[in-house]
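The structure appears right after this line, and notes come after that.
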Amino acid sequence: MSKPVGFDQKVLLNHLDYTANQTKKHSRKEMYTVLDNYLRDDITGVKSRKNAITMLMKIWYRVDDELKPIRDEILEEFSQLTNEERLLVHWGLTIAAYPFFKDVSNEFGRLFQLQDEVSSKAINNRMKEAYGDRRRVEVATSAVLGSMKAWNIIQPVSKSIYTISEKIIITSSLIQSFFVQILLNVLDSDALHVDLIENHPLFFPFNCELNITELRERKSFSFYRQGVKDLVIERNPI
DNA sequence: GGCATGTACGAGAGTATATA
DNA sequence: TATATACTCTCGTACATGCC
(Lines give C-alpha, C1' and ligand atoms only; values in the text may rest on other atoms or scores of the structure.)
Protein backbone atom coordinates (compact mmCIF):
# COMPACT_ATOMS: atom_id res chain seq x y z
CA MET A 1 0.00 0.00 0.00
CA SER A 2 1.59 3.30 -1.10
CA LYS A 3 1.47 6.41 1.07
CA PRO A 4 -1.32 8.87 0.23
CA VAL A 5 -0.26 12.04 -1.58
CA GLY A 6 -3.31 14.31 -1.67
CA PHE A 7 -1.61 17.53 -2.70
CA ASP A 8 -2.00 17.43 -6.47
CA GLN A 9 -2.88 20.93 -7.60
CA LYS A 10 -1.10 24.27 -7.56
CA VAL A 11 -2.45 26.50 -4.77
CA LEU A 12 -2.39 30.28 -5.18
CA LEU A 13 -1.79 32.74 -2.36
CA ASN A 14 -4.98 34.70 -3.03
CA HIS A 15 -6.98 31.46 -2.69
CA LEU A 16 -5.35 30.78 0.69
CA ASP A 17 -5.88 34.38 1.84
CA TYR A 18 -9.53 34.22 0.83
CA THR A 19 -10.04 30.87 2.59
CA ALA A 20 -8.44 32.24 5.76
CA ASN A 21 -10.64 35.33 5.67
CA GLN A 22 -13.81 33.27 5.29
CA THR A 23 -12.95 30.53 7.80
CA LYS A 24 -14.36 32.27 10.87
CA LYS A 25 -17.47 33.54 9.06
CA HIS A 26 -19.01 30.33 7.72
CA SER A 27 -19.98 26.80 8.65
CA ARG A 28 -18.18 23.95 6.98
CA LYS A 29 -21.01 23.40 4.53
CA GLU A 30 -21.19 27.09 3.63
CA MET A 31 -17.44 27.18 3.06
CA TYR A 32 -17.70 24.68 0.17
CA THR A 33 -20.25 26.92 -1.55
CA VAL A 34 -18.39 30.16 -0.82
CA LEU A 35 -15.09 28.76 -2.12
CA ASP A 36 -16.77 27.24 -5.17
CA ASN A 37 -18.11 30.67 -6.13
CA TYR A 38 -14.77 32.35 -5.51
CA LEU A 39 -12.72 29.83 -7.50
CA ARG A 40 -15.14 29.70 -10.46
CA ASP A 41 -13.15 32.28 -12.47
CA ASP A 42 -9.73 30.76 -11.82
CA ILE A 43 -10.57 27.04 -12.07
CA THR A 44 -13.14 26.24 -14.73
CA GLY A 45 -13.25 22.44 -14.42
CA VAL A 46 -15.82 21.37 -11.82
CA LYS A 47 -13.76 18.42 -10.61
CA SER A 48 -10.55 20.42 -10.41
CA ARG A 49 -12.35 23.12 -8.49
CA LYS A 50 -13.70 20.57 -6.02
CA ASN A 51 -10.21 19.22 -5.62
CA ALA A 52 -8.82 22.69 -4.94
CA ILE A 53 -11.57 23.30 -2.38
CA THR A 54 -10.74 20.02 -0.65
CA MET A 55 -7.13 21.19 -0.33
CA LEU A 56 -7.96 24.70 0.89
CA MET A 57 -10.41 23.32 3.47
CA LYS A 58 -7.85 20.82 4.71
CA ILE A 59 -5.22 23.55 5.06
CA TRP A 60 -7.33 26.21 6.82
CA TYR A 61 -10.60 24.73 8.07
CA ARG A 62 -10.12 21.11 9.00
CA VAL A 63 -6.90 21.60 10.98
CA ASP A 64 -5.63 19.23 13.65
CA ASP A 65 -7.42 19.84 17.01
CA GLU A 66 -4.07 20.53 18.64
CA LEU A 67 -3.47 23.45 16.23
CA LYS A 68 -6.95 24.96 16.33
CA PRO A 69 -6.24 27.39 19.23
CA ILE A 70 -3.22 28.95 17.50
CA ARG A 71 -5.03 28.88 14.12
CA ASP A 72 -7.90 30.81 15.72
CA GLU A 73 -5.49 33.25 17.36
CA ILE A 74 -3.85 33.86 13.97
CA LEU A 75 -7.26 34.40 12.32
CA GLU A 76 -8.08 37.10 14.88
CA GLU A 77 -5.01 39.03 13.71
CA PHE A 78 -5.01 37.93 10.08
CA SER A 79 -5.96 41.28 8.57
CA GLN A 80 -3.08 42.94 10.47
CA LEU A 81 -0.42 40.48 9.27
CA THR A 82 2.14 41.45 6.64
CA ASN A 83 2.24 39.47 3.39
CA GLU A 84 5.40 37.74 4.62
CA GLU A 85 3.76 36.73 7.90
CA ARG A 86 0.71 35.42 6.03
CA LEU A 87 3.00 33.40 3.82
CA LEU A 88 4.59 31.73 6.83
CA VAL A 89 1.16 30.91 8.25
CA HIS A 90 -0.02 29.40 4.95
CA TRP A 91 3.25 27.50 4.74
CA GLY A 92 2.95 26.11 8.25
CA LEU A 93 -0.66 24.99 7.89
CA THR A 94 0.06 23.39 4.50
CA ILE A 95 2.96 21.45 6.01
CA ALA A 96 0.71 20.31 8.85
CA ALA A 97 -2.12 19.32 6.49
CA TYR A 98 -0.09 17.59 3.80
CA PRO A 99 2.79 15.26 4.73
CA PHE A 100 3.72 15.16 1.03
CA PHE A 101 4.20 18.95 0.97
CA LYS A 102 6.14 18.63 4.22
CA ASP A 103 8.46 16.00 2.74
CA VAL A 104 9.12 18.05 -0.41
CA SER A 105 9.85 21.12 1.75
CA ASN A 106 12.15 19.14 4.00
CA GLU A 107 14.07 17.80 1.01
CA PHE A 108 14.37 21.27 -0.52
CA GLY A 109 15.50 22.71 2.82
CA ARG A 110 18.04 19.95 3.39
CA LEU A 111 19.54 20.39 -0.09
CA PHE A 112 19.56 24.20 0.14
CA GLN A 113 21.64 23.85 3.34
CA LEU A 114 24.25 22.03 1.25
CA GLN A 115 24.08 23.90 -2.08
CA ASP A 116 22.67 27.05 -3.70
CA GLU A 117 20.74 25.33 -6.47
CA VAL A 118 18.44 22.29 -6.44
CA SER A 119 17.08 20.36 -9.42
CA SER A 120 13.44 19.34 -9.57
CA LYS A 121 14.65 15.95 -10.81
CA ALA A 122 16.44 15.34 -7.50
CA ILE A 123 13.26 16.19 -5.59
CA ASN A 124 11.15 14.03 -7.90
CA ASN A 125 13.45 11.05 -7.46
CA ARG A 126 13.47 11.45 -3.69
CA MET A 127 9.66 11.63 -3.56
CA LYS A 128 9.34 8.56 -5.78
CA GLU A 129 11.63 6.66 -3.40
CA ALA A 130 9.38 7.64 -0.50
CA TYR A 131 5.93 7.46 -2.14
CA GLY A 132 6.40 4.99 -4.96
CA ASP A 133 7.32 5.33 -8.60
CA ARG A 134 4.01 6.46 -10.05
CA ARG A 135 2.69 9.29 -12.20
CA ARG A 136 0.68 10.64 -9.26
CA VAL A 137 3.91 11.44 -7.42
CA GLU A 138 5.17 13.40 -10.45
CA VAL A 139 1.88 15.33 -10.59
CA ALA A 140 2.03 16.06 -6.87
CA THR A 141 5.69 17.11 -6.90
CA SER A 142 4.99 19.46 -9.78
CA ALA A 143 1.99 20.86 -7.87
CA VAL A 144 4.16 21.59 -4.84
CA LEU A 145 6.88 23.18 -6.99
CA GLY A 146 4.28 25.21 -8.87
CA SER A 147 2.85 26.47 -5.59
CA MET A 148 6.28 27.38 -4.21
CA LYS A 149 7.06 29.27 -7.44
CA ALA A 150 3.71 31.06 -7.27
CA TRP A 151 4.43 32.03 -3.65
CA ASN A 152 7.86 33.34 -4.76
CA ILE A 153 9.65 30.95 -2.39
CA ILE A 154 11.86 29.46 -5.09
CA GLN A 155 12.95 30.83 -8.45
CA PRO A 156 13.87 28.89 -11.58
CA VAL A 157 17.41 29.58 -12.84
CA SER A 158 16.98 27.18 -15.77
CA LYS A 159 14.43 24.63 -16.94
CA SER A 160 14.54 22.36 -13.89
CA ILE A 161 16.98 24.08 -11.53
CA TYR A 162 15.76 26.25 -8.67
CA THR A 163 17.35 28.68 -6.31
CA ILE A 164 15.91 30.03 -3.09
CA SER A 165 14.48 33.54 -2.97
CA GLU A 166 15.69 35.90 -0.27
CA LYS A 167 14.87 34.55 3.18
CA ILE A 168 11.95 36.16 4.98
CA ILE A 169 12.73 37.47 8.46
CA ILE A 170 10.02 36.79 11.03
CA THR A 171 10.04 38.82 14.25
CA SER A 172 6.40 38.83 15.45
CA SER A 173 6.03 36.81 18.66
CA LEU A 174 2.60 35.53 17.57
CA ILE A 175 4.01 34.20 14.31
CA GLN A 176 7.05 32.78 16.09
CA SER A 177 4.74 31.01 18.51
CA PHE A 178 2.77 29.60 15.58
CA PHE A 179 6.01 28.52 13.91
CA VAL A 180 7.18 26.63 17.01
CA GLN A 181 3.79 24.94 17.52
CA ILE A 182 3.67 23.79 13.91
CA LEU A 183 7.16 22.31 14.17
CA LEU A 184 6.32 20.51 17.41
CA ASN A 185 3.15 19.18 15.80
CA VAL A 186 4.63 17.94 12.51
CA LEU A 187 7.67 16.48 14.25
CA ASP A 188 5.34 14.88 16.82
CA SER A 189 7.41 16.18 19.70
CA ASP A 190 6.79 18.07 22.97
CA ALA A 191 10.23 19.68 23.17
CA LEU A 192 12.93 20.77 20.74
CA HIS A 193 16.29 22.49 20.90
CA VAL A 194 15.97 26.18 20.03
CA ASP A 195 18.92 25.83 17.67
CA LEU A 196 17.17 23.01 15.79
CA ILE A 197 13.96 25.04 15.50
CA GLU A 198 15.73 28.10 14.13
CA ASN A 199 17.60 26.08 11.50
CA HIS A 200 15.04 23.44 10.62
CA PRO A 201 15.00 22.63 6.87
CA LEU A 202 11.16 22.52 6.86
CA PHE A 203 11.07 26.30 7.18
CA PHE A 204 13.93 26.95 4.77
CA PRO A 205 12.32 30.08 3.20
CA PHE A 206 12.23 31.84 6.59
CA ASN A 207 14.73 33.28 8.98
CA CYS A 208 13.19 33.06 12.43
CA GLU A 209 15.48 33.96 15.32
CA LEU A 210 13.31 33.20 18.33
CA ASN A 211 12.65 36.01 20.78
CA ILE A 212 12.84 33.97 23.97
CA THR A 213 11.69 36.78 26.25
CA GLU A 214 8.49 37.37 24.31
CA LEU A 215 7.80 33.66 23.85
CA ARG A 216 8.16 33.16 27.61
CA GLU A 217 5.46 35.79 28.12
CA ARG A 218 3.02 33.89 25.90
CA LYS A 219 2.75 31.08 28.51
CA SER A 220 2.45 28.41 25.79
CA PHE A 221 6.01 27.25 26.30
CA SER A 222 8.64 26.84 28.96
CA PHE A 223 12.38 26.83 28.54
CA TYR A 224 15.19 24.92 30.19
CA ARG A 225 18.88 24.40 29.59
CA GLN A 226 20.38 21.09 28.58
CA GLY A 227 24.08 21.27 29.35
CA VAL A 228 25.85 24.61 29.22
CA LYS A 229 24.91 25.78 25.73
CA ASP A 230 21.70 24.09 24.59
CA LEU A 231 18.39 25.82 25.26
CA VAL A 232 15.29 23.64 24.94
CA ILE A 233 11.75 24.89 24.35
CA GLU A 234 8.91 22.75 25.66
CA ARG A 235 5.18 22.89 25.04
CA ASN A 236 3.21 23.60 28.23
CA PRO A 237 0.28 21.27 28.95
CA ILE A 238 -3.10 22.86 28.08
C1' DG B 1 7.10 12.08 -33.12
C1' DG B 2 8.45 11.57 -28.35
C1' DC B 3 8.60 13.32 -23.98
C1' DA B 4 7.54 16.29 -19.97
C1' DT B 5 4.24 18.85 -17.71
C1' DG B 6 -0.25 20.82 -16.33
C1' DT B 7 -5.17 20.22 -16.08
C1' DA B 8 -9.46 17.71 -16.08
C1' DC B 9 -12.36 13.74 -15.43
C1' DG B 10 -14.49 9.38 -13.75
C1' DA B 11 -14.22 5.75 -10.37
C1' DG B 12 -14.20 3.95 -5.99
C1' DA B 13 -13.39 3.96 -1.05
C1' DG B 14 -14.31 6.27 3.07
C1' DT B 15 -17.04 9.36 5.97
C1' DA B 16 -20.94 12.15 7.43
C1' DT B 17 -25.72 12.93 7.65
C1' DA B 18 -30.61 11.93 7.33
C1' DT B 19 -34.35 8.95 8.08
C1' DA B 20 -37.08 5.04 9.52
C1' DT C 1 -29.54 1.75 16.17
C1' DA C 2 -29.38 0.34 11.43
C1' DT C 3 -29.61 1.51 6.86
C1' DA C 4 -29.70 4.53 2.90
C1' DT C 5 -28.03 8.42 0.73
C1' DA C 6 -25.04 12.23 -0.10
C1' DC C 7 -20.76 14.11 0.09
C1' DT C 8 -15.63 14.17 0.45
C1' DC C 9 -11.22 12.71 -0.75
C1' DT C 10 -7.71 10.35 -3.33
C1' DC C 11 -6.31 8.04 -7.16
C1' DG C 12 -5.14 6.60 -12.02
C1' DT C 13 -5.32 8.14 -16.34
C1' DA C 14 -6.76 10.78 -20.51
C1' DC C 15 -6.13 14.86 -22.94
C1' DA C 16 -3.89 19.31 -24.27
C1' DT C 17 0.10 21.96 -24.82
C1' DG C 18 4.84 23.15 -25.40
C1' DC C 19 9.56 21.95 -26.12
C1' DC C 20 13.30 19.24 -28.27
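In what follows, chains carry the letters A, B, and so on, assigned in the order in which the sequence lines appear, proteins first and then strands, with residues in each chain numbered from 1. Bear in mind that the values here come from a model prediction, so they are computed numbers and not experimental data.
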Atom-pair distance (CG on L35(A); P on dC9(C)), nearest Å: 11 Å

Phosphate oxygens OP1/OP2 of dC9(C): is one of them under 4.0 Å from a side-chain N or O of Y32(A)? yes

Please state how far atom CD1 in I53(A) lies from atom P in dT10(C), giving the value in whole angstrom units. 14 Å

Check this one for me: any side-chain N or O of R62(A) less than 4.0 Å away from OP1 or OP2 of dC9(C)? yes

Roughly how many Å is it from CZ in F7(A) to P in dT10(C), rounded to a whole number? 12 Å

Any ion pair linking D103(A) and R126(A) (charged N to carboxylate O, less than 4.0 Å)? no

Could you check how far CG of L56(A) sits from C1' of dT8(C), rounded to whole Å? 14 Å

Looking at dT10(C), I'd like to know if its phosphate oxygens (OP1 or OP2) sit under 4.0 Å from a side-chain N or O belonging to K58(A). yes

In whole Å, I'd like the distance from the OH atom of Y61(A) to the C1' atom of dC9(C). 18 Å

Listed by chain and number, what are the side-chain contact (heavy atoms from CB on, under 4.5 Å) partners of T213(A), not counting sequence neighbours? N211(A), E217(A)

Rounded to whole Å, please give me the gap between CD in Q9(A) and P in dT10(C). 12 Å

In terms of side-chain geometry, is the basic nitrogen of K24(A) or E76(A) positioned less than 4.0 Å from the acidic oxygen of its partner? no

Is the cationic atom of K167(A) (NZ for Lys, CZ for Arg) positioned less than 6.0 Å from the six-membered ring centroid of F206(A) and within 45 degrees of its normal? no

Could you check how far CD of E138(A) sits from C1' of dA4(B), rounded to whole Å? 8 Å

Once you round it to whole Å, what is the distance between C1' of dT10(C) and CE of M55(A)? 12 Å

